[in-house]
**Q** 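One structure follows; several queries about it will come next.
Below, each value reflects all heavy atoms present in this structure, side chains not excepted, and no hydrogens, waters or symmetry copies. First the proteins, then the strands, lettered A, B, ... as listed; each starts at 1.
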2 protein chains.
Amino acid sequence: MNIYDIAKLAGVSIATVSRVVNDSPKVSEKTKEKVRAVMAANDYIPNVFARGMSLNSMKTVGIICPSVSDHYMASAVSYLEKNLRNYGYDCILYCSGYEQEDKEISVQMILQKRIDALLLVGSCYAGDKEYGEDITYIKKASEEIPVFLMNGFISGENIYCMLTDDYQSVYDAASAMLASGRRQILFLSDSYSYSAMHKLQGYEDALKAAGIPVLGERKVYIKNEIHLVRDILLARRDLEFDGVMATDDGLAVGAVKYARAKRLSVPKDISIIGYNNSELSIGCEPELTTIDGRGDLLCKMTIDSLMEVLKGEDVEHRKYVQCRLEKRCTTDF
Amino acid sequence: MNIYDIAKLAGVSIATVSRVVNDSPKVSEKTKEKVRAVMAANDYIPNVFARGMSLNSMKTVGIICPSVSDHYMASAVSYLEKNLRNYGYDCILYCSGYEQEDKEISVQMILQKRIDALLLVGSCYAGDKEYGEDITYIKKASEEIPVFLMNGFISGENIYCMLTDDYQSVYDAASAMLASGRRQILFLSDSYSYSAMHKLQGYEDALKAAGIPVLGERKVYIKNEIHLVRDILLARRDLEFDGVMATDDGLAVGAVKYARAKRLSVPKDISIIGYNNSELSIGCEPELTTIDGRGDLLCKMTIDSLMEVLKGEDVEHRKYVQCRLEKRCTTDF
DNA sequence: TTGAAAGCGCTAACAC
DNA sequence: GTGTTAGCGCTTTCAA
């Protein structure tokens, strides 16, 4: 059943059918109704390829994230997909992994799909500072279609950055921890991403503001696996600390496990703060005080901006979302 | 830059270029090299729409799952996406939610995208037994394209079911719990899905085999939220139990929290088994014995079958994966 | 307000 | 092994 069949059955030309499908105003209501009736009666579905070919668009946005098995990103993708569909856009999903080369390949491949916009979920796309990673592949993509970064910043004509205020939230949380009397706070991270660097800065500035030296040994980088974190912390007998500021709940739970193994009381002997307000943070014991990055708000903001850009409106290139501290049992303030 | 430009520049016909793009064996190596050089030099990208139109396929598979914010499904989607891409297939993703109507709409919409196959991730698509949900929308889809069910069974010509042996794993786990001396085992579930029904059956049969009565009040259905599970269990003062068989780790962790609140020792006073071997199961305290549904294997099996079906080969309509009990601290066997 | 017809870029059947 | 050409189903001028 194609446009010709419908045209024939409705006694009009294919042009008219096309206009009805696209709800053009220059078709009389009468004709519209007649054609619509025929379409409905025959379960007519316009061929997306032919359509895409003419329009050179598929009403599709590409989403790339390192991995949807990370809970934070999974929630984001879920939210984005649902809402984009409400606006009539489909999502094609690529999980790129964290390697520079894989990220580049993913972007390159997804661009070939003639997507209308590109959504990069995860701050690892803003260029890993440790390795001085290249971001020209993103700049290049932005020459073809608008690019949206979720929690990362790259300046550019056609690049829109949705940011979580990681710096401030960690600054505030670390300050509160210091105010509660902690003096040796560990910074626990698994990444050098844009977001992680800002968290680190917040941590360092909070210490400085309190007149406490920032020691390199107190910044621990480690893979995000609960038991691994526990074991490495246990092995580092030289390291003394009475507080932990983690960039993810998994790391923080590792610290909780460490405390338990060392028979330290939490939060009395050691104060711990996680990040992301994930299910883990209420699954562990004691339950974790954690910073909620408000992924839902960030997503909403992203969708809104995306739709405006696609409509050709002018949109801010940088927008912020405020984090929120979720106080639970691993802190005493 | 289109196929005509390339043909002109390479001094061949568009048909030859097309053949080179599709790596047809009937082009001489010499010509191939020449054409490839021109394509590379000009960053030629074949137009996917025109291609889709001729082939009536976009080399795309549709994936529907209720929600990727569930960790089990997120892992599955991540795995599927990555591997399908290795085979040259893209994924378009729909998160349908759990409502019957939404599931139907999702399937209907995704079918319009001219996908080559449909992947239904999550046993909720096999028809929720409680409400006697309709599965004709899936049968209908299978008339157009092959449908793959991950952990669900529907018989049909063009439907392929990849199954986890939930029945046996719960039967074995419950039997082990009984063997360790428990007599009042709770069955904790949040769903009436195909998978959940099989788990229930395994539970019931294990009790029966041990000569223990199956009591309705010991089958508790509840939303999968840790604190909620704890609170409801605490509120049910009539309920006595010394073991918990949960259909998900979140529910099981709720039971762990319940035990803690009641100052019961785990596993001494109460034995708990979860399901899915998620991060939660090692985040909680004590750590959770859990059944690993082997989502990775299930995905692998699915991809393999999918590729065979797409190649037109004969494939079994039902395949099983064995679960594995991950013993940790909430059980004493 | 409607229709006729020219593409859009590609694949595949057919001819050489 | 290569070229010619007829579609594929739609959108969009241009005319009427």
**Q** Round to a whole Å and report the spacing from CE of B/Met39 to C1' of C/dG9.
**A** 15 Å
**Q** Whole angstrom is fine here: how far is it from NZ in B/Lys59 over to P in C/dC10?
**A** 17 Å
**Q** Would you give a per-nucleotide map of nucleotides 8-16 of chain D, 5' to 3', where B means the base has a protein non-hydrogen atom under 4.0 Å away, S means only the sugar-phosphate does, and - means neither?
**A** BBBBBB---
**Q** Work out how much the helix from C/dT1-D/dA16 to C/dC16-D/dG1 bends between its end axes, five pairs an end, to the nearest 10 degrees.
**A** 30°
**Q** So that I can tick it off, tell me whether A/Glu143 and A/Lys139 are bridged by a salt bridge, with the cut-off set at under 4.0 angstrom between side-chain N and carboxylate O.
**A** no
**Q** For A/Tyr125, is the NZ or CZ atom of A/Lys103 found under 6.0 angstrom from the centre of its six-membered ring and inside 45 degrees of the ring axis?
**A** yes
**Q** Please work out whether the ring planes of B/Tyr194 and B/Phe153 are parallel, tilted or perpendicular, with thresholds of 30° and 60°.
**A** tilted
**Q** On a heavy-atom basis, which atom in A/Asp102 and which in A/Ser96 lie closest, and how many Å separate them?
**A** CB-O, 3.1 Å
**Q** Please determine if a side-chain N or O atom of A/Ser28 lies less than 4.0 Å away from the OP1 or OP2 oxygen of C/dT2.
**A** yes
**Q** Does the distance from a Lys or Arg side-chain N to an Asp or Glu carboxylate O, for B/Asp23 and B/Arg36, drop under 4.0 Å?
**A** yes
**Q** With A/Leu118, which of A/Ile138, A/Ile110, A/Val61 fulfils side-chain contact (heavy atoms from CB on, under 4.5 Å)?
**A** A/Ile110
**Q** Which of these, A/Leu9, A/Asn22, A/Val27, A/Val35, sits in a side-chain contact (heavy atoms from CB on, under 4.5 Å) with A/Val17?
**A** A/Val35
**Q** Between B/Lys300 and B/Asp304, does at least one N-O distance fall below 4.0 Å, as a salt bridge requires?
**A** yes
